[in-house]
Amino acid sequence: MIHIKLKAQKMLIGKNRKAFLVSILPLPMTATLLYLNYYLLSFLKNNAEISLLFKILIAVCSAVLSLFMINSVVFISENYFYRKATDSFAPVRAVDLFCSFAVNILKTLLFFSWSAVFFLPGVALLFCAYSAKTNNYAGEIITTLYIAAAITAIVGAGCFFVLFGRYSKCSFIQFTTGETNPVKVLARSTELMEENQIRYSLFRLSFLGWDISCALLFPIIYVLPYRKCAKYVFFSTKPKQKQTEPISEKPIVFIFG
């Protein structure tokens, strides 16, 4: 994976400042849209002349439109890093923006459903431990339940981290194929990531130190573009397969002595 990161670094030489501005563009836009939605909700709340149903309709439409705009800006910025990493041109069409928005909605629904599957056992064990402590059960039982809850949560988080990575290639598929069916994009991403989930999970974990540093010392300039560019270099690079020695076509001669 070192060669992937080195390639991403070379591609950003002399262009890191522009890449950084492109990568953080969604942040001020998100803050602006959140403020506008807050202002709109405050206005609707203080206006008694508008019916409640109409207020809800306006609020929902405003939220959906804001999410679509943010998603569009993110998709366009991702396209910028895709072009840098692959040295190819992928024009962004309006239908691509709608497809990307639908894909992210489906991914969000999958996120909540999978989270429930992976984390509910840990929550149930944690509740059992709390109930045992409330009812003055033996300390060994309470400790065992807490440990089981922690192990279940950690294992569930690890499984979720790996399995949800199968949808990480959706944007790359849109850029390379021009597919506009969100269901097909998700299915294609799942298919392509089946044999690369562990490899991609290790690749993401290799940025863990940078992620922690960004969380503690934000903003660290030039880390985010490097991460995004490396991701697309990773997707465009085929994994190296082990070379097997070719079988000799010469006949095998047995000499009996």
Side-chain angles (χ1 to χ4, degrees), residues 20-82 90-120 122-124 126-127 153 156-157 160-161 163-175 178-190 211 214-215 218-219 224-225 227-228 231:
F20 178 74
L21 293 175
V22 172
S23 64
I24 66 169
L25 184 61
L27 296 178
M29 185 175 183
T30 302
T32 302
L33 289 174
L34 284 174
Y35 173 77
L36 291 176
N37 277 274
Y38 173 77
Y39 179 80
L40 177 63
L41 290 174
S42 301
F43 172 77
L44 293 174
K45 182 180 179 181
N46 297 327
N47 196 327
E49 298 178 359
I50 304 176
S51 63
L52 179 61
L53 182 62
F54 193 61
K55 288 181 180 180
I56 294 174
L57 181 62
I58 293 175
V60 170
C61 290
S62 176
V64 172
L65 181 61
S66 298
L67 289 174
F68 175 76
M69 292 174 65
I70 294 169
N71 183 85
S72 299
V73 173
V74 170
F75 186 80
I76 293 170
S77 67
E78 290 289 318
N79 180 268
Y80 171 84
F81 290 103
Y82 163 77
V92 177
R93 304 164 296 176
V95 66
D96 294 324
L97 300 179
F98 284 103
C99 177
S100 175
F101 185 57
V103 165
N104 283 322
I105 290 176
L106 293 175
K107 285 170 65 177
T108 303
L109 294 175
L110 288 169
F111 173 82
F112 284 112
S113 60
W114 283 26
S115 296
V117 170
F118 283 108
F119 294 110
L120 276 180
V123 173
L126 190 62
F127 178 76
F160 178 83
F161 178 79
L163 293 177
F164 199 73
R166 65 176 62 187
Y167 304 119
S168 301
K169 212 168 185 177
C170 291
S171 297
F172 184 83
I173 291 169
Q174 283 192 257
F175 297 146
E179 180 61 63
T180 56
N181 187 326
V183 177
K184 289 183 178 180
V185 170
L186 288 168
R188 183 63 176 159
S189 177
T190 303
D211 293 338
C214 286
F218 182 83
L224 196 56
R227 198 180 193 280
K228 287 179 176 289
K231 179 181 72 172

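- Residue Ser189 holds its OG atom at 10.5 Å from CD of Gln174, rounded to the nearest 0.5 Å.
- When atom types are taken as modelled, the side chain of Ser62 and the backbone of Ala59 share no donor-acceptor pair closer than 3.5 angstrom.
- Between Phe101 and Phe75, the ring centre distance reaches or exceeds 6.0 Å.
- Taking the six-membered ring wherever Trp is involved, the centroid distance between the rings of Phe81 and Phe172 does not fall below 6.0 Å.
- Residues Val185 and Arg188 have side chains not in contact (no heavy-atom distance under 4.5 Å, counting atoms from C-beta outward).
- Using a distance-only test at 3.5 Å, with no hydrogens or angles considered, a donor-acceptor pair links the side chain of Lys55 to the main chain of Asn47.
- When all heavy atoms of Ser66 and Leu33 are compared, the closest pair comes out as O-CD1, 3.6 Å.
- The local environment of CE in Met29 is crowded, with over 12 non-hydrogen atoms from other residues, nucleotides or ligands closer than 6.0 Å.
- Rounded to the nearest 0.5 Å, atoms CG (Leu186) and CG (Leu106) are 5.5 Å apart.
- Side chain of Asn71 to backbone of Leu67: no donor-acceptor contact under 3.5 angstrom is found.
- Atom CG of Leu40 sits about 13.5 Å away from atom NZ of Lys45, to the nearest 0.5 Å.
- Taken to the nearest 0.5 Å, the OG atom of Ser100 stands 8.0 Å off from the NZ atom of Lys107.
- A side chain to side chain contact (heavy atoms under 4.5 Å, CB included) with Cys99 holds for exactly one of Val95, Val103, Leu97; it is Val103.
- Ser77 is not listed as a side-chain neighbour of Leu25, based on a closest heavy-atom distance of 4.5 Å or more.
- Taking CG of Leu36 as the start and CG of Leu41 as the end, the distance is 11.0 Å to the nearest 0.5 Å.
- If you take CG on Leu34 and CG on Asn37, they are separated by 7.0 Å, rounding to the nearest 0.5 Å.
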